[in-house]
Amino acid sequence: MSADDPRLLVTSARMPFAVDEIHKLGEELHRYVVATDTFKQSPGLHSKGVNKRVVTAPPTQQPDAFVDDVIKTIDDEQIDWVLPMFEEVFYLAANREKIQGDRDVTLFFPQLDALLEVNDKSTFADLCRRLDLPVAETIVCTTPEEFVAATQRWEHWFARATFGRGGLDIITNYGPLAGETAVEDIKPTEQDPWLVQQFLVGTDRCSWSVVHDGEVMLHSCYEHPMRIDDRGGVVFESVDSPESLAAVQKIAKELNWTGQISMDYLVTADGTHYMVECNPRPTAGCTIATAEELDTALFKPDGLVLVPAGRKKMIKAAVLRDALMHPKRARADFAAAKGAKGVYDQRKDHMPLIYSALSLRHVLAYRKALGAERSKEQLVAAQFFDILYDGSPLK
């Protein structure tokens, strides 16, 4: 491998942060980038930053075939670095030895044990308490009866599936999502537990970091001036947050993390950053880092770099969709997005934006796979139903 010019494999290219990293590394910095996904309309596959696109088997439904496809791509394209973008990382980590073999390839993701500890929201809460990081009081429920009892503990409560992602599989009796799901509809099991916590009032924040051997090399913290359907953010603005950096540094060091890592926080009025969950992959925080910052943190790390406050990005199509579907919110939507640059529509690289619309046909595959529609959750869930890890045994 050339240390100055590695050949990169980016998986799950549909995600907005994947599109961003592909554009920065491939189009702006002219790295050799191979991008993969499970369907050919994936927006990231059509960035100018991609030298070659590969369609793989879906990791969630066909994990062995997916791993074989990745190995073949590594060999065929002489790949030096593998950069996972979503929860396919679990299937890659579970097969690390098979993928690594005698290949001179850097697998830029953590060991499976570390991934599993942060992905399970209950063990993540235990980890945070062990490291003296603030966590809301938590009740883990494995039966419907336990769940009902837990929701009676506080006047206002919030509950999530242990392995839920993307703002899905949540229920609360307070705030904009209150009443969307009935308590009796939630059926926790030993294999699919739910967490119930006191509803804390505050500001949602997120962070994204690049980490080598437990040392944070690049860190950005951001807020969401605008969300889609009160779930995933579609406008991202960087903020100063030494508390988020300190939290990530503790966790990265404890787990000897290597790879990208993201956190969600709830910041209360007194400035306390309550730990909510960990996403062991990139998130939108990477979009507010520059190409040079990302490249240096990945391939030539030389001390900590903090993304300064005030940078702003957006998913333009989602902003427009919300304004059209909810005209009364249009003014607020455009105000939230003011000054933000697009993620899918980068300068001289507009095809991902076009394919972000064409890829909506993936929603049809989602409907067929689940046999039903899920209204507000549908567009979000369709992004990743075939690259999700649900906590099932991997070995």
**Prompt:** Any luck finding a side-chain donor-acceptor pair between Thr38 and Asp386 under 3.5 Å?
**Reply:** yes

**Request:** State plainly whether the residues Lys98 and Asp68 are in salt-bridge range, i.e. N to O under 4.0 Å.
**Result:** yes

**Residue pair Thr296 / Glu292, side-chain donor-acceptor N/O under 3.5 Å** = no

**Asked** Is the closest basic N to carboxylate O distance between Asp37 and Arg53 below 4.0 Å?
**Response** no

**Asked** Would you say the ring centroid of Phe199 lies under 6.0 angstrom from that of Trp157?
**Response** no

**Trp208-Tyr222 aromatic ring centre distance below 6.0 Å** = no

**Message:** What verdict does the ring pair (Phe, Tyr, Trp, His ring centres under 6.0 Å) test give for Tyr32 and His30, after you've listed the backbone C-alpha separation in whole Å, the side-chain angles of each residue and the deciding distance to 0.1 Å?
**Reply:** CA-CA 6 Å; Tyr32 186 91; His30 309 294; over 10 Å; no

**Side chains of His212 and Thr258, donor plus acceptor under 3.5 Å** = no

**Request:** Could you check Val34 against Val54 for side-chain contact (heavy atoms from CB on, under 4.5 Å), going step by step and ending with a plain yes or no?
**Result:** CA-CA 7 Å; Val34 177; Val54 176; 3.9 Å; yes

**Request:** Answer yes or no: is there a donor N or O on one side and an acceptor on the other, between the side chain of Asn256 and the main chain of Ala252, under 3.5 Å?
**Result:** no

**Asked** Are side-chain heavy atoms of Asp120 and Phe163 found at a separation under 4.5 Å?
**Response** yes

**Request:** Report the C-alpha distance between Glu27 and Lys48 in whole Å, list the side-chain angles of each, state the deciding distance to 0.1 Å, and finish with yes or no for salt bridge (Lys or Arg N to Asp or Glu O under 4.0 Å).
**Result:** CA-CA 6 Å; Glu27 174 65 10; Lys48 282 187 176 180; 5.2 Å; no

**Prompt:** Between Leu131 and Ile261, is there a shared hydrophobic cluster once you connect ILVMFWY residues whose side-chain heavy atoms come closer than 4.5 Å?
**Reply:** yes

**Message:** Go through it in stages, so that I can follow the logic: the residues are Ser47 and His23, the test is side chain to side chain donor-acceptor pair (under 3.5 Å), and I'd like the CA-CA distance, side-chain angles, deciding distance and then a yes or no.
**Reply:** CA-CA 6 Å; Ser47 168; His23 174 83; 4.6 Å; no

**Message:** Does this structure show an ion pair linking Asp126 with Arg129, if we count only N-O contacts that are shorter than 4.0 Å?
**Reply:** yes

**Asked** Is it true that Leu45 and Met15 fall in one hydrophobic cluster, defined by side-chain heavy atoms closer than 4.5 Å?
**Response** no

**Request:** Mind jotting down which residue pairs meet the side-chain hydrogen bond (donor to acceptor under 3.5 Å, both in side chains) criterion with at least one end in residues 183-194? Sequence neighbours excluded, please.
**Result:** none

**Message:** Apply the hydrophobic cluster definition, ILVMFWY joined by side-chain contacts under 4.5 Å directly or through others, and give me every member besides Leu195.
**Reply:** Val140

**Prompt:** Hey, is Arg31 close enough to Asp80 for a salt bridge, meaning N to O under 4.0 Å?
**Reply:** no

**Message:** Tell me every residue that passes side chain to side chain contact (heavy atoms under 4.5 Å, CB included) with Glu293, counting only those two or more places apart in sequence or in another chain.
**Reply:** Leu218, Ala289, Thr290, Val305, Val307, Arg311

**Prompt:** So, Lys313 side chain and Thr287 main chain: donor-acceptor pair closer than 3.5 Å or not?
**Reply:** yes

**Prompt:** Quick one: do Asp20 and Lys24 make a salt bridge, cutoff under 4.0 Å?
**Reply:** yes

**Item:** Salt bridge present between Arg130 and Glu254 (N-O < 4.0 angstrom)
**Value:** yes

**Item:** Glu88 and Arg281 ion-paired at < 4.0 Å
**Value:** no

**Prompt:** Any side-chain donor-acceptor pair under 3.5 Å between His273 and Ser244?
**Reply:** no

**Message:** Pairing donors with acceptors under 3.5 angstrom, does anything connect the side chains of Tyr274 and Thr268?
**Reply:** no

**Request:** Using the rule that two of Ile, Leu, Val, Met, Phe, Trp, Tyr join whenever any of their side-chain heavy atoms come within less than 4.5 Å, decide whether Val135 and Ile139 are in one cluster.
**Result:** no

**Message:** Any salt bridge linking Arg160 with Glu277? Criterion: basic side-chain nitrogen under 4.0 Å from a carboxylate oxygen.
**Reply:** yes

